[in-house]
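Inspection log for the structure reproduced underneath, given as structure tokens.
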Amino acid sequence: MEAMTFVLFGSTGDLAKRKIFPALYNLYLDQKLPSAISIIGLGRNQMSHQKFQHDVEQSIKTFSRRMDNDHSHLDTFLEAFRYSVLDATKADDYRNLLNLVREREMELNIPGNRMFYLSVGPDLFGPIALNIKESGLGSTNGWKRLIIEKPFGRDLESARELNATLTEAFEEDEIYRIDHYLGKSMIQNLGSLEFSNPVLQTLLNNRHIANVQITASETVGVEERAGYYDKSGAIRDMFQNHMLQILMMTAMHIPKSNSPYDIRNEKRKVIEAVRPIKKDEVSLEIIRGQYRAGEINGSSVVSYRKEPGVDASSQNDTFVAARLWIDNPYWQGVPFYIRTGKRMAKKSTRIVIEFKNSIKTGKSNRMDPNLLIIEINPNEKVSLQINSRNPINGKIEPVNISFSTQQSDIPEAYERLIQDALRGDSTFFAHWKEVEKSWEWVQPILDAFREELVPLYLYPAGSNGPEAANALLNKDGFKWWLDE
Ligand code: BG6
């Protein structure tokens with residue numbers, strides 16, 4: 001891999017400590033970093049290089065999934081780190097940063113390849129990108145790249161504005177928008193599953209599939225993020241990005257090649273084919289929920305409105321379920337049900353594909369349909385539910401054929417994504433067109449929520465969400481699978 005500088009804005013923040021430093025360290029242990037790399041951390045407070053290296057060391061010791069035994073690798077790794085103080089809006093600070101970047105480029109013989117990772121609040125994305133341009137940091141003989149994380153705007157208009165600013169300083173193919181769900185190994189496996197299994201290629205379409213269900217349920221509540229979450233809700237926090245990305249990855253047709261262009265092109269065709277929803281029809285297709293007090297794993301938890309920092313009369317959504325239609329020849333007529341929520345019965349991210357079922361046993365149609373189940377988190381597992389005769393009682397019963405990956409040594413999503421960005425592979429990053437189309441689809445829902453056109457159903461913490469989310473499927477003759 002080419003030698004490079006990795007500039008980290010927000011290097012004293014939580015994400016840097018928990019994810020980014022451990023990811024870089026694990027890549028280093030696997031020899032997946034370039035042999036010459038200069039890593040420069042930035043933050044608002046003055047700090048010596050040594051103190052910064054010490055903090056990085058602590059975060060690695062606390063959060064890394066592995067450690068080298070005698071720490072000799074860790075010591076060498078830490079030598080790559082330097083620190084510079086930076087107020088994101090002060091031009092002078094960027095000039096100092098440029099000097100440090102150049103100095104290290106000379107020392108380590110780095111040919112001007114510069115990665116800028118913005119691990120900061122979204123209001124700083126625009127100002128930082130412009131300052132990178134104006135300070136000369138972005139004018140280099142090598143390549144330059146920008147990594148940012150969601151949220152990419154808070155509605156269609158602000159997302160477009162943000163993108164217009166970013167593209168003043170970086171080209172689209174220099175921008176790597178992280179959606180960490182795209183870094184999960186089972187999500188990355190979706191394309192391969194279909195590509196490498198002719199039996200699935202034959203079956204995954206509207207001739208054989210009855211419906212597709214995508215669930216991302218969490219047991220955690222709003223935690224310490226009320227300030228952000230109460231203004232965002234599940235629709236912005238999870239649905240517009242992670243859930244629609246899973247939808248694209250699940251429904252996309254096999255790309256012509258494995259190139260980022262072809263894969264993202266197929267994803268884009270999916271989001272473009274999702275039937276738009278009108279504001280006054282939102283209440284028919286979307287269920288909005290908020291958790292009330294309840295019990296999770298034997299402990300009582302308070303209602304959302306009683307969480308610290310949440311407005312006592314908040315109408316914010318902590319749960320969203322939706323029915324979508326993809327109007328293309330493969331999926332026409334197959335409902336896709338998507339739901340996500342906080343304080344639900346269990347942590348589970350999964351896709352369940354239900355096959356059509358015309359076999360009747362006896363008088364009523366009692367036989368379970370075949371299901372293809374892809375578990376993404378916390379288990380990574382693919383299983384196919386088929387029916388088989390129980391040799392003891394003679395009944396036809398569902399059984400599972402399954403495959404699961406060993407958990408321990410799988411690289412984390414951040415490791416995979418950072419490595420991809422370092423080598424310039426944008427396959428598993430969100431392209432602007434995907435982001436824009438996702439906001440376009442979600443915008444009428446945001447409007448309908450704001451105008452109170454959609455009921456807010458309260459659901460007990462520890463449940464599978466409001467009853468209305470069950471009714472959404474029941475009216476089509478289906479039910480959510482794998483709910484306990
Ligand atoms: C984040 C959301 O993007 O994803 C959080 O902001 C959410 O609210 C998290 O908890 C879930 O991620 P994961 O990987 O635990 O499913």
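This structure is a prediction, so every number in the text was calculated from the model and none was measured. As the structure lists them, so they are numbered: ligands from 1, and atoms in each ligand from 1.
- By the 4.0 Å N-to-carboxylate-O rule, Glu436 lies close enough to Lys433 to be salt-bridged with it.
- The pair Arg66-Asp30 meets the salt-bridge criterion, with a side-chain N (NZ, NE, NH1 or NH2) lying under 4.0 Å from an Asp/Glu carboxylate O.
- Taking every heavy atom of Lys342 and a limit of under 4.0 angstrom, the matching atoms of ligand 1 come to 5 (C), 7 (C), 8 (O), 10 (O).
- With respect to Asp237 and Arg225, a salt bridge is recorded, a charged nitrogen being found less than 4.0 Å from a carboxylate O.
- The existence of a salt bridge linking Lys19 and Glu149 is excluded, since no basic side-chain nitrogen approaches an acidic carboxylate oxygen closer than 4.0 Å.
- In this comparison of Val220, Asp237, Thr340, Ile376, the heavy atom closest to atom 8 (O) of ligand 1 sits on Asp237.
- Phe116 and Phe170 have perpendicular rings, their planes meeting at more than 60° on a 0 to 90° scale where under 30° would count as parallel.
- Looking at Arg288 and Glu452, a side-chain N of the basic residue comes within less than 4.0 Å of a carboxylate O on the acidic one, giving a salt bridge.
- Heavy-atom contacts of Lys184 reach the following atoms of ligand 1: 13 (P), 14 (O), 16 (O) (cutoff under 4.0 Å).
- Set against the non-hydrogen atoms of Arg225, the atoms of ligand 1 under 4.0 Å away are 2 (C), 5 (C), 6 (O), 8 (O).
- Ligand 1 has no N or O atom lying under 3.5 Å from any N or O atom of Tyr228, backbone or side chain.
- For a threshold of 3.5 Å applied to N or O pairs, the pair formed by Thr349 and ligand 1 contains no separation below that value.
- Salt-bridge annotation for Arg65 and Glu415: present, with a side-chain N of the basic residue lying under 4.0 Å from a carboxylate O of the acidic one.
- In terms of protein heavy-atom proximity, atom 15 (O) of ligand 1 is nearest to Lys347 NZ, 2.9 Å.
- Between Phe77 and Tyr28, the ring planes lie tilted relative to each other; the angle falls in the 30° to 60° range.
- Among all non-hydrogen protein atoms, the one lying nearest atom 1 (C) of ligand 1 is His242 NE2, 3.7 Å.
- Nearest protein heavy-atom neighbour of atom 16 (O) of ligand 1: Tyr181 OH, 2.5 Å.
- At a heavy-atom distance under 4.0 Å, no atom of Asn241 approaches ligand 1.
- Neither the backbone nor the side chain of Tyr229 comes within contact range of ligand 1; no heavy atom lies under 4.0 Å.
- Among protein heavy atoms, the minimum distance from atom 9 (C) of ligand 1 is reached at Glu218 OE1, 4.1 Å.
- Salt bridge absent: Arg264 and Asp425 never bring a charged side-chain N and a carboxylate O closer than 4.0 Å.
- Near His180, with a cut-off below 4.0 Å to any heavy atom, the atoms of ligand 1 are 1 (C), 3 (O), 4 (O), 12 (O), 13 (P), 14 (O).
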